[in-house]
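We're numbering straight along the sequence, starting at 1.
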Amino acid sequence: MSKKGDKHHIEELKEMIQEKKPDEPVEKVLVKFCERHGVSMDTCRVYYKRLVKEGKVE
């Protein structure tokens, strides 16, 4: 996957996490994202950890 594609996916994942219900676990959002984009859970977790590290999501 290209860096540009990664950046787009990470941005979309950030928006999905920010829009989730307060009581909805992040894992559920990751599963939806993985299914939508055909990527592995490992890839989703890498994206998520990057967002957390950069302080863009909690």
Write down the atom of K28, the atom of E24, and the distance for their closest heavy-atom approach.
CD-OE2, 3.6 Å
Are V52 and V26 connected, step by step, through hydrophobic side chains (Ile, Leu, Val, Met, Phe, Trp, Tyr) whose heavy atoms are closer than 4.5 Å?
yes
Between L30 and L13, is any pair of side-chain heavy atoms under 4.5 Å apart?
yes
Counting only heavy atoms from other residues, nucleotides and ligands, does the tally under 6.0 Å from CD of E54 exceed 12?
yes
Interatomic distance, SG@C34 vs CZ@R45, rounded to 0.5 Å, equals 8.0 Å
Nearest 0.5 Å please: distance from the NZ atom of K14 over to the NE2 atom of H9.
15.5 Å
Any link between V29 and M41 through a network of hydrophobic side chains (Ile, Leu, Val, Met, Phe, Trp, Tyr) touching at under 4.5 Å?
yes
Mind checking the CD-CD1 spacing from E12 to I17? Nearest 0.5 Å is all I need.
11.0 Å
Parallel under 30°, tilted from 30 to 60°, perpendicular over 60°: which one fits the rings of F33 and Y47?
perpendicular
Give a yes or no on whether a salt bridge exists between E27 and K32, defined as a side-chain N under 4.0 angstrom from a carboxylate O.
no
Any non-hydrogen side-chain atom of M16 less than 4.5 Å from a side-chain atom of E19?
no
Could you measure the distance from the CZ atom of R50 to the NZ atom of K7? Nearest 0.5 Å is fine.
11.0 Å
